Amino acid sequence: MSRAHALPTPPEAGESVRPLTISERARAAAVPADHRPATDYLSGLNAEQRQAVETTEGPVLVLAGAGTGKTRVLTTRIAHLIATGLAWPSGILAVTFTNKAAREMKERVAHLVGPAGEGMPWLGTFHAIGTKILRRHAELVGLRSDFTILGVDDQLRLLKQVITAENIDEKRWPARQLASFIDGWKNRGLTPKDVPPGEAAAFANGRGTGLYQAYQDRLKTLNAVDFGDLLLECLRLWRENPDVLEQYQQRFRYMLVDEYQDTNVAQYLWLRLLAQARKNVCCVGDDDQSIYGWRGAEVDNILRFDHDFPGAVVIRLERNYRSTAHILSAASGLIAKNKDRLGKTLRTDDEPGERVSVTGAWDSEEEARQIGEEIEALHSRKENLSEVAVLVRISAQMREIEDRFVTLGLPYRVIGGPRFYERAEIRDALAYLRATAQPADDLAFERIVNTPKRGLGDAAVALLHAHARRARVPLMQAARYLVESDEMKPAPRRSLRSLMAQFDRWRTAMEKTPHHELAQTILEESGYTDMWAKEKSADAQGRLENLKELVRSMEEFPDLPAFLEHISLVMDANEDGDQERVSLMTLHAAKGLEFETVFLPGWEEGLFPSQRALDENGRAGLEEERRLAHVGLTRAKRRAHIYFASNRRIHGLWNATIPSRFIDELPEENVEVREAPAAYSGRTASRFEGMTPFASSYQTPGWQRAQARAAEAARDPDNDWRGGGGFSENGSGFAGPFQAGRRGPGGRGRPSPQLIEGEVLAKSTGSPSPYEIGARVLHLKFGPGTVAAIDGNKLTVDFDKAGRKMVLDSFVDANG
DNA sequence: CATTCGAAATTTTTT
DNA sequence: ATTTCGAATG
């Protein structure tokens, strides 16, 4: 390809970038025709996409619905800016949220533009770019350029120290809680001075702000920052040094932001400062896929874009290239129930395809069985298992499904979970390296001083701290002193001496040993690998392998500091991508992915939408849950299967559940209500025929019939409720998704749920139930009980043994 | 100081 | 049910 020929030469790395002069631009345009940058990269785009690529000047908001080619627009836009000579790669700022997204974008740009695009030094996550900027100007914000970036666990340990140092009872005011307060403040761009007094009062009787300040002071002393600081300190840097800000405003001629709906206030301020000068900012996002409100994302940022950037061009990408018409309409119909949205209408030219199926199961175990069977059927039809995903609302749902996959022998992989670099063994190993390379890294030293156990417990650490504070020296230096003095008892003293000797040896070895070999040596000599080798728990083996992988990955870096920098921001477990596997993940983890077939279990009130989201955030919470449902559905290219169970075990006890309101909200014409598979459906449930539909939107109460069948199936003698014996014996009220609202005044814990503008827990029909208050009924799982209240076809029953639960009337029998 | 037993908590997750 | 955390115990 000759695309790269006419590109301007990228400036040397580190060279400060100035805008192209007019003559340079003219020169670029005057290149002979056959050497002119190829524009064929534009040819595959539709009109809107093309507009989004070619509207290079001024603020642009691209509202890109699911599957509308968002990433393609972003990468093509970058290619376009480079190919037309409007900017050098180093003059473009492109921010993403995850390292994965950044990596993908880099690859795709390189593919479009060729070697010339490889530069892209400013393509990365907010945090990675923030780090890069801060390292250059560290001294202006009171840091040294080799500052450490704290992970969550380091942060917690530090907070614990701060709380204790302030003489606050750490048990009453846990570090975790303070961490989430501080996180929230940092997300909103608030320094200790900016925190509204009312909010600080919520922690430790109003001492929240002081603790926040003390924590920040400690960080400075340690020459460390946490993730939030990577953005906040940039803000401070720019505000206090307008010349520095201007330097970056000049440098970044064009700015692009991916997943704009996920930006928090701090990120928004960060962007706005940069964009103020040139205003060539292009934000791509989808308000309907905003699912991170709970961690500080502000949908408002996207809803108010044209207000914040006057004259903004808003481009809607509404043509979906991913899903069939039925799936798309189902998802659109659902999301249309949200009020706070900019509004898009997704359309497709794809065939209608299969309807979205909705299947009721008796309980979550049967739900897992049905999913397993369906996947086996797909597999025997030669469908690729890598194109199949099961998306759950909460991780706790995974276990049952995994269990089923294991017994069926279905290969699967779990996506998400703790990141590689968050794992304890990796953090420990890194702490050893940090403590070796940076003797003043107190946090690292403290982390491993007694890991593996070497008799240096709380008492010894307290002594170290006391001396370190008294002499104002790092812990390591305090240790050297204590080894020589007799303030420490002989046993720990001997242990500490040998540890210090080891560190000395490693530090000497650092001069001449390749860093990955040194790491290997440290892990062995310290007894760390032995510690895991001796542990006989199931995951010990995996941890050892992670450590090996860590050492192996170090080889790719020139030296230890380079590696430490990399690891503090990035580090992914390597994928064993050889075998075809079903993917299992949370809905959150699924954003941005797509699969031929998607299974969506657990669509039940309380679980999805999550009761907690409703209780804590009211209508906004409900809408975020609905967006989550929308994200789930739009992951599917050809087949989407929704499931709900009528009974689910929550925290160990069984709970009756009712179908999610989201099921009712799906347009009827795009949904196929499934019967339970033959093996589990028993006789025809004639007595349920003609019964009032649960949801008024259904002409035929099809899913209810399916449910009834499932109930019949479960009625076989082997499944007798008395045999199961799984329900709560305490009768202390029901412990499920519905408990919060129905608890008596004596109930502890959660606040009452908010009723959301007439949207009750689930729609009810208002049609009379065949039962009356006071009637005795028999439930398969909960046994006998008395009807306490009736709401349409939903009964509130006081079960003799299982306490009060809400059940569908079709699940109980009259028990005269 | 380490181990062990019992009570309490238990969404979603990136950097 | 399971895991995690803290206090009592050896």
Side-chain angles (χ1 to χ4, degrees), chain A residues 95-102 124-131 149-152 154-155 160 170-171 174-176 180 183 186-187 225-232 259 262-264 266-267 290-297 364 391-400 403 415-419 421-422 450 452-462 489 491-492 495 537 567-572 585-592 602 606-617 621 624-625 627-629 631-632 648-655 726 728 735 737 748-750:
Chain A
V95 272
T96 62
F97 275 83
T98 64
N99 292 299
K100 186 163 161 249
T125 62
F126 277 100
H127 300 268
I129 291 170
T131 308
I149 301 165
L150 263 47
V152 276
D154 288 326
Q155 196 184 350
K160 211 169 271 180
E170 205 258 315
K171 273 159 246 156
R176 250 195 141 37
S180 81
D183 234 40
K186 290 191 172 179
N187 283 155
V225 296
D226 63 19
F227 283 118
D229 287 338
L230 292 174
L231 295 166
L232 272 193
E259 306 278 18
D262 288 339
T263 48
N264 59 36
Q267 288 157 340
S290 163
I291 54 176
Y292 286 110
W294 49 272
R295 70 173 195 215
S364 43
L391 311 182
V392 295
R393 175 66 243 273
I394 59 170
S395 308
Q397 287 173 262
M398 288 186 186
R399 181 182 300 264
E400 269 177 317
D403 284 352
I415 314 270
R419 294 279 160 287
Y421 63 88
E422 293 279 351
N450 200 30
K453 303 260 185 293
R454 25 173 99 84
L456 298 168
D458 291 348
V461 173
K489 290 197 186 117
S495 180
S537 70
I567 198 118
S568 62
L569 283 169
V570 205
M571 187 80 196
D572 308 282
M585 68 191 95
T586 63
L587 286 160
H588 285 89
K591 194 170 73 156
L607 177 62
F608 190 35
S610 141
Q611 189 60 52
R612 191 153 158 185
L614 265 43
D615 290 350
E616 288 172 8
N617 294 305
E624 182 153 315
E625 295 286 297
R627 290 193 291 269
L628 203 48
V631 166
R648 187 172 294 275
R649 210 165 18 193
I650 295 165
H651 309 325
L653 0 133
W654 284 100
N655 279 91
S728 154
R748 295 170 290 119
R750 297 195 239 154

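Just so we're clear, the structure is a prediction, and the values are computed from it rather than from any experiment. Quick note on labels: first sequence line is chain A, next is B, and so on, each numbered from 1.
Ring geometry, A:Tyr292 versus A:His588: the interplanar angle falls from 30° to 60°, so the pair is classed tilted.
Smallest separation of non-hydrogen atoms from A:Leu456 and A:Val461: O-CG2, 4.1 Å. Across A:Ala101 and A:Thr96, no two heavy atoms sit closer than the pair CB-CB, 3.9 Å.
Between the side chain of A:Asp226 and the backbone N or O of A:Leu150, no donor-acceptor pair lies under 3.5 Å. Checking side-chain atoms of A:Glu625 against main-chain N and O of A:Ser610 turns up a donor-acceptor pair under 3.5 Å. No donor-acceptor pair closer than 3.5 Å links the side chain of A:Glu624 to the backbone N or O of A:Gly621. Between the side chain of A:Arg454 and the main chain of A:Ser495, no donor-acceptor pair closer than 3.5 Å is present.
With contacts defined as side-chain heavy-atom distances shorter than 4.5 Å, the pair A:Phe126/A:Thr263 qualifies. Side-chain contact between A:Gln267 and A:His127 is present, with heavy atoms from C-beta onward closer than 4.5 Å. Residues A:Arg612 and A:Ile394 have side chains not in contact (no heavy-atom distance under 4.5 Å, counting atoms from C-beta outward). Contact annotation: the side chain of A:Asn655 never approaches that of A:Arg649 to less than 4.5 Å [non-hydrogen atoms, C-beta and beyond].
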Expected rows: protein N/O vs nucleotides 10-12 of chain B N/O, under 3.5 Å:
residue: B:dT11; atom: OP2; partner: A:Arg612; partner atom: NH1; Å: 2.5
residue: B:dT11; atom: O2; partner: A:Arg393; partner atom: NH1; Å: 3.2
residue: B:dT11; atom: O2; partner: A:Arg393; partner atom: NH2; Å: 2.8
residue: B:dT12; atom: OP1; partner: A:Ser395; partner atom: N; Å: 2.7
residue: B:dT12; atom: OP1; partner: A:Ser395; partner atom: OG; Å: 2.8
residue: B:dT12; atom: O4'; partner: A:Arg393; partner atom: NH2; Å: 3.3
residue: B:dT12; atom: O2; partner: A:Trp294; partner atom: NE1; Å: 3.4
residue: B:dT12; atom: O2; partner: A:Arg393; partner atom: NH2; Å: 2.4

What's touching nucleotides 8-10 of chain C from the protein side, N or O pairs under 3.5 Å?
none

Nucleotide N/O of nucleotides 4-7 of chain C paired with protein N/O under 3.5 Å:
residue: C:dA7; atom: OP1; partner: A:Lys171; partner atom: NZ; Å: 3.2

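For the P atom pair drawn from C:dC5 and B:dT12, the interatomic distance equals 15 Å after rounding to whole Å.
The distance from atom NZ of A:Lys100 to atom C1' of B:dT13 is 14 Å, rounded to the nearest whole Å. For the pair A:Gln267 CD and B:dT15 P, the interatomic distance rounds to 12 Å; values are reported in whole Å. A straight line from CZ of A:Arg295 to C1' of B:dT15 spans 8 Å, rounded to a whole angstrom. For the pair A:Asp262 CG and B:dT13 P, the interatomic distance rounds to 13 Å; values are reported in whole Å. We find that CG of A:Leu232 is positioned 13 Å from C1' of B:dT15, with the value rounded to whole Å. Here B:dC1 presents its C1' atom at 11 Å from CG of A:Leu456, a figure rounded to the nearest Å.
When the nearest nucleotides of DNA chain B are assigned to A:Gly228 and A:Arg454 by heavy-atom distance, the more 5′-ward of the two goes with A:Arg454. Both A:Gly455 and A:Met585 lie near DNA chain B, and the one whose nearest nucleotide falls closer to the 5' end is A:Gly455.
Note on A:Ala459: only backbone sugar-phosphate atoms sit closer than 4.0 angstrom, heavy atoms only; bases stay farther off.
Comparing B:dA2, C:dT2, B:dT15 against the side chain of A:Asn450 picks out B:dA2 as the nearest.
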